[in-house]
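The structure under discussion appears below in the form of structure tokens.
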Amino acid sequence: MRQMIIAGNWKMNGTVPETEALLKALVDGDSRSGRARVVVCPPFTSLYTADGILKGTHIALGAQDVSAKEKGAYTSEVSVAMLLTVGVQYVILGHSEKRQYHAESDRLVNEKAKLVIGNGLTPIICVGETLEQREKGLTEKVVGEQVDGTLSGFSADFLGKSVIAYEPVWAIGTGKTATPQMAQEVHAFIRNRVAGIDPKAAENLPILYGGSVKPDNAKGLLEQADIDGALVGGASLKADDFIAIIKAA
Ligand code: PEP
């Protein structure tokens, strides 16, 4: 039985007071799910505060990135050890905004993922094609290469400690969502691809869908056979919307 996960990616939203208000609304609200693990990924500056609020609750804490280096002269970077001291359990890696604005490569994501898993955290590894690539019929080629590159050298054990998020770039923050069938096709393709590492670990691998998931489209996506949850951007910033998506799981 695969773990279902509903994760909120707050991106660069949430001052410390805003973080407190949103997390209190989630903790005090009906944000439990019988089926899904709930994860929130606020900005780095809010993690310490978030940990204080979430400790002992059903909501797990994630970060939006991490350095591939363990420590030292890497101005602005945040290390795995730093994340561990503030109660982080999940780390989003290779988000399309990092790939697009910071030229993050599959190789770097792979390095970060290995470091993250080696330190007992769970990477949420993002893959997905652009609109141009989809229109040229390159979705499987692009996503397949991203999967191979980001999971390069992974053992069955490492795969068993990972989460993948399929996030078509054209659906992120645009209000355009892949239809449940379109998303399911790519999720099945990804699962089949990672079966090359280990079929059993592939069967147990949570593959989340991300891209304009909202309360009104969540159910149709989440009932697909190979969609094991959602990575939610915009709608995770409103407690009512995020709770409605959790309830759709
Ligand atoms: C995301 O940033 O991971 C995302 C899916 O954003 P949105 O839900 O806003 O499209």
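Start at 1 and go down the list; that is how both ligands and their atoms are numbered. Count residues from 1 along the sequence. Note that the coordinates shown come from a computational prediction; the quantities given were computed from them, not determined experimentally.
Note on Asp228 versus Arg191: salt bridge recorded, some NZ/NE/NH1/NH2 to OD/OE distance being below 4.0 Å. With salt bridges taken as basic N to acidic carboxylate O contacts below 4.0 Å, one links Glu145 and Lys141. A salt bridge links Lys219 with Glu223: at least one charged nitrogen is closer than 4.0 Å to a carboxylate oxygen. Between Glu140 and Arg193 there is no salt bridge, since none of the side-chain N atoms of the basic residue sits less than 4.0 Å from a carboxylate O of the acidic one.
Looking at Gln146 and Asp106, their side chains never bring a donor and an acceptor atom within 3.5 Å of each other.
Contacts of ligand 1 (protein heavy-atom distance under 4.0 Å) are Asn9, Lys11, His95, Glu167, Ala171, Ile172, Gly173, Gly210, Gly211, Ser212, Leu231, Val232, Gly233, Gly234.
Applying the salt bridge (Lys or Arg N to Asp or Glu O under 4.0 Å) test to Glu129 and every residue at least two apart in sequence or in another chain returns Arg134.
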